[in-house]
Structures are given as C-alpha cells and as structure tokens.
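Data first, discussion second: the structure below is written as structure tokens.
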Amino acid sequence: MAVYKAPKGTKDVLPEQSYQWQYLEALIRGIVRKYGFLEARTPVIEHTELFLRGVGETTDIVQKEMYTFEDKGSRSITLKPEGTAGIVRMFVENNLFGDTQPTKVFYLNNPVFRYERPQAGRLREHHQFGVEFFGASKASADAECISVATELLNQLGCTGLTVHLNSIGCPKCRPNYHAALKGYLKSHYDDLCETCKVRYEQNPLRVLDCKVEKCKEIAKDAPVIGDYLCDECKEHQAMLLKLLDGMDVRYELNPRLVRGLDYYTKTVFEITSDSIGSQSAVCGGGRYDGLVEEIGGPHVPAVGFGLGMERLLLVLENIGKEIPKPIRYDVYLASMGDAANERAFLLAHEFRDLGLCVEIDHVGRSVKAQLKYADKIGAKYVIVLGDNELEKGEAMLKRMSDGEQTPVALKAEAIKENI
RNA sequence: GUGGGUAUAGCUCAGUUGGUUAGAGUGCCUGGUUGUGGCCCAGGAGGUCGUGGGUUCAAAUCCCACUACUCACCCCA
C-alpha cells in the first residue's frame, strides 16, 4: 500500500491545479525579464562535496537533512538541498566570471530536497524560484534582488508580509564581532541550551537565533553586530536602506536575523508571512561575496535569494487570492449516430487548426449527458450534431452562459466567426 | 530526532452509556418520454469502519501495538 503513495513530504500537482503554477511562472518570468535576469537550469544532483563547502559543514542542512547516496561509480551524490550552490558551481565551471559582469541568472520551479519532518508549509521536496546576481559589489544589486521579490509579492496582492533585514558583516569585521559575542556568551555559557553550547564553538552567531527562552534572554543583551561593522559594511547597508526607502519598500531591521547557511556576508534578508503557520519564511537570501572563491573560482561578489513556491501558493490561498482559471474549451461538439460522430471528430480537427480548444464525445454519452459534460468542463459553446444537421449542413451554436442559440453553417471558419 | 492530535463512502464528516442489514451532505451514474447543461424530484452504484492483536455473548465504539496523515519544536523556502 505504502508503495503506491507519494513518498512522505512530497506532493503531486494535480491536473486541475497546475494552472496556478503556470500563472506564477508567467508572472515571475515577466518580472525578472525587466531586470535582465536570464534563466539557468542546473542538475537535481550534485557532488556532495559541493554542499559541504558551499552550504557549510556545520549547518543543520548538511549535518542532518541531505539526501545523500553513493552512485554505482562510488561517487557521493546529493539531491540539492538549496539553489545557490549549484548555480555557483555552474558559474565557476563554465568560466562565466570571464564574461562581462555582472551575470544575472534566475531559476524557476527548481526542486530542492531536505529530509525533515513535514508540517504546514514544509515539505521534503519543494520548489524554489530564485535569483543570483554575480559580479556586482554595490548595494544596488542587493536592492534589485529584494525588489524582484517584493514586486512579485506586491503584484500578487500579498498582505501580512514583513521584510526582515540585517547585515552580518564581512571577513574583515565579523571576527571582531565574533570575539565580542563569544566573550559575552562565555559568561553565560552554563545557562545556554545544549545545542547552543555546540553553536558557541562552531557558529556563535546562530545562538542569537535560538528560540529557547533562556537563550533568548541571554541573546537580548548580547552585543549587536551593527556596532561592530567595518566602514565598508556600514556604508553598504546605509546605501541599501536608502535605495529601499526610495522604492518605498518597507522593511524591519532585525539585528538578530542570522541565516542557517554559512555563505552569507553583509546583507541577509527574509520575507515572512503571518498567514501560513509557523513556517513563515516565504523568501530568504542575502549577499555571499566569498562563495564563488570557496567553490574554486576567483573572487566574485554575489547576492541572491530563494523563494518557496509552495509557501507562496499557501499565502495566496490563505489570504483568499483567486488565481484566474484559464478557459479550457471554446467549443464542445455533441454528436449522435455514426455519421455525426465522425463529422464531429473531423470538425474538431479543423477547429484546432484554427487555434480553438475543442472537445468531442469519446465515451458514447447520450446528448443530454454530453450537454451536462460540456457544462462541467466549462465549454463556452456547444454544437449538437445529428442526422438533421448533416443533411442541412447547418447546426445550432449554443452559448452556454445564457443558453442562446444561433444557426451556423457547418464550416469551422464560419463557426469561428460567431464565437 | 522530540512532543500533541487524527484515522468511518471518491471528498467533508455524523455514529448517542459497546447491541442486530453503518448514516448524512456532496460528488458520480441513471431516469423525469421521442435529440439539449445549470434548478428541482426520484432511483442507483460505492465502505476489509487505517492495520494487527486483546477484552466481551456482542466492538466503528473499550484496551495495546504498529502504520499513515497532521500540527508544533528544531531548522528553513
């Protein structure tokens, strides 16, 4: 029985709901196009090593959530747990850094996999839309990325969203902050939760993110990164805020926003929703100036984000946003009797040549049942074909919205005039 | 990995202190005359009551285990 179910944490997109995905896809393509982002597609699998180096060995994603296996050639392969590492690998492997910069790419409906306990808004396989902006160190690049996300969300009419923003510094200034933070945490070490004791050693920034009450108490009075940023990081953030203000993008500065991927530098941001349960992040990203080098390329600054498609759909559902359902059939050809059935089939063929969407009877229903079926599948018009119509070479074109019937000659072009 | 909740028709759910052929709404099929949808009316099909054990004369109902789903922690999109 279990064999015939989709694996835990995965979901089918059923035929009746795929239009929602297509709607988002079209909207997204229209937006990124205006910014000049080009689509890139990378493999679902990568060498495990890429994520160890890219995402970071101490992260939860790498330590306990990856789908890793050995292939028949004894290579360690991993289903991608996030979108950025693969794109960076592509960027480096194909020497795209050698082209004129910047390089602006996006990915759409990119499947990513994490072995986690499923819950509201969290799947083991989900799909991301994301943007990666290489070779641009200026804050305008950060601002464009955020703008792509907020424009999308705004165009969809999303409400209850918050843009959280922070800077976590760069390799020049972060060590100072690390030292200060560790110094502070050391005096509270015994009160930290068990995982935070480990974080203290491996990645003290993450203690700020801890949800345990005691740790939150401690974090509240911890030194703030903003006080330790170097001039360059400070100026970068100031410029970003200025540009966001100029676009009227609302944001909240959150000094404790720390993301679970190791590659970020300077800007980090997250967009959360208050309507989709506790897994509230719809979009997350930031700057990663050191990652290209880490993956074996030259020093190339970059910034990007990932946005969860399933969560975006959840937001739309929960705020009652209706996605327009496309018309499936223009015409349904009801027919009875062998001659009319055959004529209906060929007429449908002619209609399709003219670009119309049309359906006929494939199961031998009565005329009454065919009308009912035409109504159910949302056909705009119905034509009933029987011996009478074949003789006269004329039939009634029935408009389903109001039932009005008009006589038409049995010629595809002529009928098309009337719809 | 840790907790809580749920499991009865395709779907959403009833099912009284254990009691005889397990129900409703919706969906599906058919019919309400001879070739015309929506509304209405009538009829029909459809259920190993998640699985396996136990208690009992008797279990959808009580007990245990397992599984699945779900929500939350954790983490993240």
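By convention in this document, chain letters (A, B, ...) are assigned in the order of the sequence lines, proteins followed by strands, and residues within each chain are numbered from 1.
- Taking atom P on both B:U61 and B:G52, the two are 13 Å apart, rounded to the nearest angstrom.
- When distances are taken from the side chain of A:R311 to each of B:C73, B:U36, B:C76, the shortest belongs to B:C76.
- Remark: P of B:A77 and CZ of A:R124 are 18 Å apart, rounded to the nearest angstrom.
- At a threshold of 4.0 angstrom between heavy atoms, the contacts of A:E82 with the nucleic acid are absent.
- Checking B:C73, B:U36, B:A77 against every side-chain atom of A:Q119, the shortest atom distance belongs to B:C73.
- In this structure, of B:U30, B:C29, B:A77, it is B:U30 that holds the atom nearest to the side chain of A:A369.
- Distance check on atom P: B:G50 versus B:U6 gives 13 Å, rounded to whole Å.
- In a base pair of the Watson-Crick type (N1 to N3 plus N6-O4 or O6-N4) or a G-U wobble (N1-O2 and O6-N3), with each distance short of 3.5 Å, B:G35 is matched with no nucleotide.
- Rounded to an integer number of Å, the gap from A:N110 CG to B:C76 P is 18 Å.
- Set against B:U70, B:C76, B:U36, the side chain of A:R114 has B:C76 as its closest nucleotide.
- Remark: C1' of B:A77 and CD of A:E270 are 9 Å apart, rounded to the nearest angstrom.
- In this structure B:C74 sits in no base pair that meets the Watson-Crick or G-U test at under 3.5 Å.
- Note on A:A374: nothing from the nucleic acid sits closer than 4.0 angstrom, heavy atoms only.
- Not less than 6.0 angstrom separates the ring centroid of A:F37 from the ring centroid of A:Y107.
- Going from the P atom of B:U16 to that of B:G3 covers 31 Å, rounded to whole Å.
- Pair assignment for B:C69 gives B:G5, based on Watson-Crick or G-U wobble hydrogen-bonding distances that are each under 3.5 Å.
- Side-chain atoms of A:T42 do not come within 3.5 Å of backbone N or O of A:G86 as any donor-acceptor pair.
- Between the C1' atoms of B:G27 and B:A9, the separation comes to 11 Å (whole Å).
- Along RNA chain B, the nucleotide nearest A:P7 and the nucleotide nearest A:D60 are compared for position; the residue whose nucleotide lies closer to the 5' end is A:P7.
- The side chain of A:A120 lies closest to B:A72, out of B:C28, B:A72, B:U70.
- Comparing A:V382 and A:K8 along RNA chain B, the residue whose closest nucleotide (by nearest heavy atom) sits nearer the 5' end is A:V382.
- Distance A:Y264 OH to B:C76 P: 10 Å, rounded to the nearest Å.
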Look for any protein N or O under 3.5 Å of an N or O in nucleotides 10-12 of chain B and output each such pair with its distance, or none.
none

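- At a threshold of 4.0 angstrom between heavy atoms, the contacts of A:S280 with the nucleic acid are absent.
- A:G83 comes within 4.0 angstrom of no nucleic acid atom, judged by non-hydrogen atoms across all strands.
- If you check every strand for non-hydrogen atoms under 4.0 Å, A:L123 touches a base.
- Closest to the side chain of A:D375, out of B:G35, B:C28, B:G38, is B:G38.
- Which of B:A77, B:C76, B:C74 sits closest to the side chain of A:R206 comes down to B:C76.
- A 3.5 Å limit on both hydrogen-bonding distances identifies B:G44 as the Watson-Crick or G-U partner of B:C28.
- Under a 3.5 Å cut-off, the side chain of A:H126 and the backbone N or O of A:R122 do not form any donor-acceptor pair.
- Under the 3.5 Å distance criterion, the side-chain polar atoms of A:R124 are left unmatched by any main-chain donor or acceptor of A:P118.
- Across the protein-nucleic acid pair, A:D402 atom CG and B:G37 atom C1' stand 13 Å apart, rounded to whole Å.
- Closest approach to the A:V384 side chain among B:C69, B:G27, B:G35 is made by B:G35 (side chain taken as heavy atoms from C-beta onward).
- With both ends at atom C1', the span from B:A42 to B:U33 equals 16 Å, rounded to whole Å.
- Note: NZ (A:K368) to C1' (B:C29) measures 13 Å, nearest angstrom.
- Checking the phosphate oxygens (OP1, OP2) of B:C29, no side-chain nitrogen or oxygen of A:K372 falls inside 4.0 Å.
- Separating the CD atom of A:E125 from the P atom of B:A77 is a distance of 16 Å, rounded to the nearest angstrom.
- A salt bridge does not link A:K416 with A:E413: every distance from a Lys NZ or Arg NE/NH1/NH2 to an Asp or Glu carboxylate oxygen is 4.0 Å or more.
- The separation of B:A68 from B:G25, taken at their P atoms, amounts to 35 Å, rounded to a whole angstrom.
- Between B:G23 and B:C66, the two P atoms lie 34 Å apart (nearest whole Å).
- The phosphate of B:C73 (OP1 or OP2) has a side-chain N or O of A:S278 nearer than 4.0 angstrom.
- B:G32 atom C1' lies 17 Å from atom CG of A:L371, rounded to whole Å.
- Residue contacts for A:V282: at a heavy-atom cut-off of 4.0 Å it reaches the sugar-phosphate backbone alone, with no base atom in range.
- Counting only heavy atoms from C-beta on, A:K398 has its side chain closest to B:U36 among B:C73, B:C69, B:U36.
- Distance check on atom C1': B:U56 versus B:C64 gives 16 Å, rounded to whole Å.
- A side chain to side chain contact (heavy atoms under 4.5 Å, CB included) with A:Y332 is found for one member of A:V384, A:D361, A:I383, A:I360 and no other, namely A:D361.
- Within the 4.0 angstrom heavy-atom criterion, base atoms lie near A:R117.
- Side chain A:E65 to base B:G1: no donor-acceptor pair is found below 3.5 Å.
- Of the nucleotides present, B:G54 is the one that pairs with B:C62 by Watson-Crick or G-U wobble criteria, both distances under 3.5 Å.
- Contacts of A:G121 with the nucleic acid, taken as non-hydrogen atoms under 4.0 Å apart, include base atoms.
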